[in-house]
Chemist: 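Mind having a look at this structure? Questions to follow.
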There are 4 protein chains.
Amino acid sequence: MQIAMIGLGRMGANMVRRLVRGGHHCVVYDLDAEAVAALAQEHGVEGASSLAELADKCERPRSLWLMVPAGSAVDATLDALGPHLSEGDIVVDGGNSYFKDDIRRAERLLERGVLYMDAGTSGGVWGLDRGYCLMVGGADEAFRQLEPALATLAPGTGDTERTPGRDGEADSSERGYLHCGPIGAGHFVKMVHNGIEYGLMQAYAEGLDILRGARGQEVPAGQRYDFDIARITEVWRRGSVVGSWLLDLTAAALLRDGDLQGYSGFVEDSGEGRWTIQTAVEEAVPADVLSAALYTRFRSRQDHTFAEKVLSAMRQQFGGHVEQSTA
Amino acid sequence: MQIAMIGLGRMGANMVRRLVRGGHHCVVYDLDAEAVAALAQEHGVEGASSLAELADKCERPRSLWLMVPAGSAVDATLDALGPHLSEGDIVVDGGNSYFKDDIRRAERLLERGVLYMDAGTSGGVWGLDRGYCLMVGGADEAFRQLEPALATLAPGTGDTERTPGRDGEADSSERGYLHCGPIGAGHFVKMVHNGIEYGLMQAYAEGLDILRGARGQEVPAGQRYDFDIARITEVWRRGSVVGSWLLDLTAAALLRDGDLQGYSGFVEDSGEGRWTIQTAVEEAVPADVLSAALYTRFRSRQDHTFAEKVLSAMRQQFGGHVEQSTA
Amino acid sequence: MQIAMIGLGRMGANMVRRLVRGGHHCVVYDLDAEAVAALAQEHGVEGASSLAELADKCERPRSLWLMVPAGSAVDATLDALGPHLSEGDIVVDGGNSYFKDDIRRAERLLERGVLYMDAGTSGGVWGLDRGYCLMVGGADEAFRQLEPALATLAPGTGDTERTPGRDGEADSSERGYLHCGPIGAGHFVKMVHNGIEYGLMQAYAEGLDILRGARGQEVPAGQRYDFDIARITEVWRRGSVVGSWLLDLTAAALLRDGDLQGYSGFVEDSGEGRWTIQTAVEEAVPADVLSAALYTRFRSRQDHTFAEKVLSAMRQQFGGHVEQSTA
Amino acid sequence: MQIAMIGLGRMGANMVRRLVRGGHHCVVYDLDAEAVAALAQEHGVEGASSLAELADKCERPRSLWLMVPAGSAVDATLDALGPHLSEGDIVVDGGNSYFKDDIRRAERLLERGVLYMDAGTSGGVWGLDRGYCLMVGGADEAFRQLEPALATLAPGTGDTERTPGRDGEADSSERGYLHCGPIGAGHFVKMVHNGIEYGLMQAYAEGLDILRGARGQEVPAGQRYDFDIARITEVWRRGSVVGSWLLDLTAAALLRDGDLQGYSGFVEDSGEGRWTIQTAVEEAVPADVLSAALYTRFRSRQDHTFAEKVLSAMRQQFGGHVEQSTA
């Protein structure tokens, strides 16, 4: 099928390539004309120099995929794109938008008969070859129209062992894409997915920190261990219940740089991790682990928190304690 | 090689079978004579009716593997076994012992020239066929003597993708077993492994709870979703960064029982999870996620905590709040 | 001064009484006519049977204080009240509203020249006699107009020891009320105040639970203690750094019911605790303790979480573990 | 009564002074002869140049109070002191020892008929004038013998409002000292007391950090507040449910240094905070808040944790994310 891609960053450009490999035809646009020119040289890709031209080059009903940064960039793009769209067109937001924004945006597009879909996309730099895990929200008819592209972008059944109890033809979830529900459902599932990701990452990180701490000053002399953490993560990759893709990646990083001296430990977070907590709070669901994982990232980006200074001040007031230097 | 197995529970018996399949010869003992008799009927297995007989049937230097419940059972077994051992024998504790107990036990055995090894063993009910991930502590010579058995018990390289950057012959960590360091190192690594396991499980559990919470009363009517959580875990198995063996198992459980109505949610914990936290505290390593995962299990086994009653009492005292019934 | 009170629940009615004791005159209204009639019998109180009548009975510029449940009740009251207000009138929302709602509401009222103030009010059932701690947001002129009433509602300097370094005339914060900033600032401060309250309560609750746990089965026989927790909280009230009003209240509750058998431990939460976490997340401020305190309350109201069932399911899949009954 | 004080640091010296003010006679010893000489010049204080001399100067049965650093210093002192003691003497450990050490030490002293008491002591630099809150463990007869000294050290009923429901003569808990139970009970209660203290401190610290965060970049422009945090803590001291001694101290610190620029936020922790968590884990009592409070302190003393570097490494492996500089 023909699909238009708006936003040719690392994710967008690779998704175009995977679609073309799968036999689809892509019309592409980006604010950066050079990005358009570069990608348009590849087989099966047609460039557009404006959203108007993009819309013009698409067969109707159009299928347009947005891969732009979440937030105001999505609104700006939809504002600019809207006048060029017609009834029956489908716009997919493949970025990491907030599900409540999806609902708002879908309502506005529906006023002119345009269908909106939200597609959470996981795959990182590996997606081009491995495929993208796709979590999609929106109307059934939009999902059906878009399904050929989704099936191509997704990993397919691959060599993942089949879940015991499943038989017959693989349903779409076994092929790596899923229609999760109405508008917002895809980004909701992707949001929670990333919240879980933070928790998993933090669980490994704390465990490895405890292994490393076994070398340390706080431990009595006779109980110290100097572990080879790279090899430990390697052995856990086989037969152990903590095996995972994240562990595979960790083992690879530790093999190269066993003490991780090349990293400072300044850890960004993105909207999904925050929205996950805010949603948990709205739902009254306890989310201790996911919250702690997020807060670690907040903390990692500060020299000292104001909270810690409050503790120091209290200690001095009560006990006459004077801080030791961190130096 | 010949290896003696003491303790024929689910883990011990299956390890004997995997050893025999790998061409080793096993002499086995258990407090339960029927367990011995049953296993001794299998090819390559020889039963013993007492620890004395077991020791007698072993070629020297003996290799003995304990697979008994952690704690006093290990001490009792070692007390009973000790007099039958000779210099150069090796005793492996394959259970989930505390690494500080290993150090103490190894010292006592060394007094009569017996070498001690601690082997953390992961694999659950899957180990017989998939192999056991083995984390071993103790002296180099003991590890070398035992290595043929360890290599058989372990999964081997299997079809796990090789970590980028590794080449040449696979080292033992790539075959699923690792000499982690001196006495206690194996159980230390297994302890942290289980601590991480708790954290990973809790991360998934909270995320799925937030998905489920989207149905709920606390959510405004227009923002509710009724997710098919079984299919969501299925789709995450392909191409997503949260893919893992634990996720595979979760998808399987949800396929059978989508609401998990067959489970009450009364969750046990074992020593390793607790020791992980206590070790983190000794090392002054922050372990927010691993602690929260453990505390969730504590909480799951109570109707209401005393802490919660304290909160209720304070609220009544201060604000005149009267509790609503949980009914 | 004359002040109108809208909402005669426990808080509103007592605030009227404290105002009247302080020499002010109150016009009062409630949806419940009986509440109006009852209070109007007291000295210095005038009842109104409708918002129109209330507005009519007030001298201009009016000072009106809302003490209605947070949320839609505030909007409904403002919608009904608006048409009866005139330029220069002041409306105070003394309930527990979200500071973002304050900003929205103030904008609408300002369209007709009405000034809005938000007043966070702490004091519970004790406020009538001890006074209410007041955290106020809004324009300077509104604060000045309202100050005589605020000063009466507040506790005054009382017998609280003066903070070292303060001298001269007590500023308003030393008398128990504070103009915290522009619109929303009062409720923001009250929100954080309640977030802190949850954290303080949970700190005491966990500590007392650990004291109680010393009796328990999990503790080795020689290390058990059977503490008199009521007397422990009593002794902490003198000379100890954990002394506080919450501790006073806890000691009183434990004196009456040492095992707190009269409480189930079903603990409600209100908006402020949730907004505190959501605000921390927006600000990227780590809030581990305040979050954990909130999640404990969520958890206390459930029999078992879905998350816990997920854990049970994973354990069975991996290890063949079967849950023990909670019974 | 006569009481011997061993250890004349800030706590020990002030306790001697308070005892003398109360009419008791003190014999004092410290490893630092100058500390002994200085204090011996004060009225009612007699110095000793060795433990032998100290023992010699005491009437029998002796009452000896140790105020030395917890840990090996206590054992060393007891080893040196032991030979000079006689049946019926009482040794009090007033420091912050681990309750399991108390049990061990008491057993050894009992071999020679010496009674051991453990006394948790709270009061900080304020204790000299306000009195010390004392939590005592040990035998009844030892408590009775020591009670005159305990009553003097404690704050007494003071002007603390009496707990409703208490009448008649004030029991000892109302006068600030309590016999908590057998050996170890005093230090157990003090341990939990300090665990609670950490939690309370962290609750305030996080709340104030959220107030301060309202100024910050992460907040949308129209929702920023620039709060006067010193005045906010001041207003909370009156009529608010978060009032406490810790809040009083915080208000005093903020009055002097509103941005706490004089503090780096490097926060020490002591044994009690750690033992509280380890005890909670042994008891299977959830302690989310107390743990998080401890971990914040651990984290405050590091530039970046190894855990954070693991997160950075994973992010780069999966998403190609490159860290931003912290600079």
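Each chain gets a letter, A, B and so on, in the order the sequences are listed, and its residues count up from 1.
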Chemist: With a 4.5 angstrom heavy-atom cut-off, is it the side chain or the backbone of B:Met201 that approaches chain A, or both, or neither?
Modeler: neither
Chemist: With a 4.5 angstrom heavy-atom cut-off, is it the side chain or the backbone of A:Arg175 that approaches chain B, or both, or neither?
Modeler: backbone
Chemist: Nearest 0.5 Å, what's the OG1-CD1 distance between B:Thr233 and A:Ile196?
Modeler: 9.5 Å
Chemist: To the nearest 0.5 Å, what is the distance between CZ (B:Arg237) and CD (A:Glu161)?
Modeler: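 Nearest 0.5 Å value for the CZ-CD distance: 7.5 Å.
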Chemist: Please classify the contact between B:Thr121 and chain A as side chain, backbone, both or neither, with a heavy-atom cut-off of under 4.5 Å.
Modeler: neither
Chemist: Ignoring hydrogens and angles, tell me if any N or O in the side chain of A:Glu234 forms a donor-acceptor pair with the backbone of B:Glu174 under 3.5 Å.
Modeler: no
Chemist: Just so I understand: if I count every heavy-atom pair under 4.5 Å between each of A:Trp245, A:Trp236, A:Phe99, A:Trp126 and chain B, which residue has the most?
Modeler: A:Trp236
Chemist: Determine which residues belonging to residues 247-254 of chain A lie within contact range of chain B, meaning some heavy atom pair is under 4.5 Å apart, and list them by number or answer 'none'.
Modeler: A:Ala251, A:Ala252
Chemist: Who wins among A:Ser244, A:Ser122, A:Cys133 for the most heavy-atom pairs under 4.5 Å with chain B?
Modeler: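 If we count pairs closer than 4.5 Å to chain B, A:Cys133 comes out on top.
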Chemist: Students often mix this up, so state it plainly: with edges at 30° and 60°, are the rings of A:Phe227 and B:Phe188 parallel, tilted or perpendicular?
Modeler: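 A:Phe227 and B:Phe188: tilted rings.
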Chemist: Between the main-chain N or O of B:Leu290 and the side-chain N or O of A:Glu206, is there a donor-acceptor pair closer than 3.5 Å?
Modeler: yes
Chemist: Working to the nearest 0.5 Å, report the span between CD of B:Gln202 and CD of A:Gln202.
Modeler: 14.0 Å
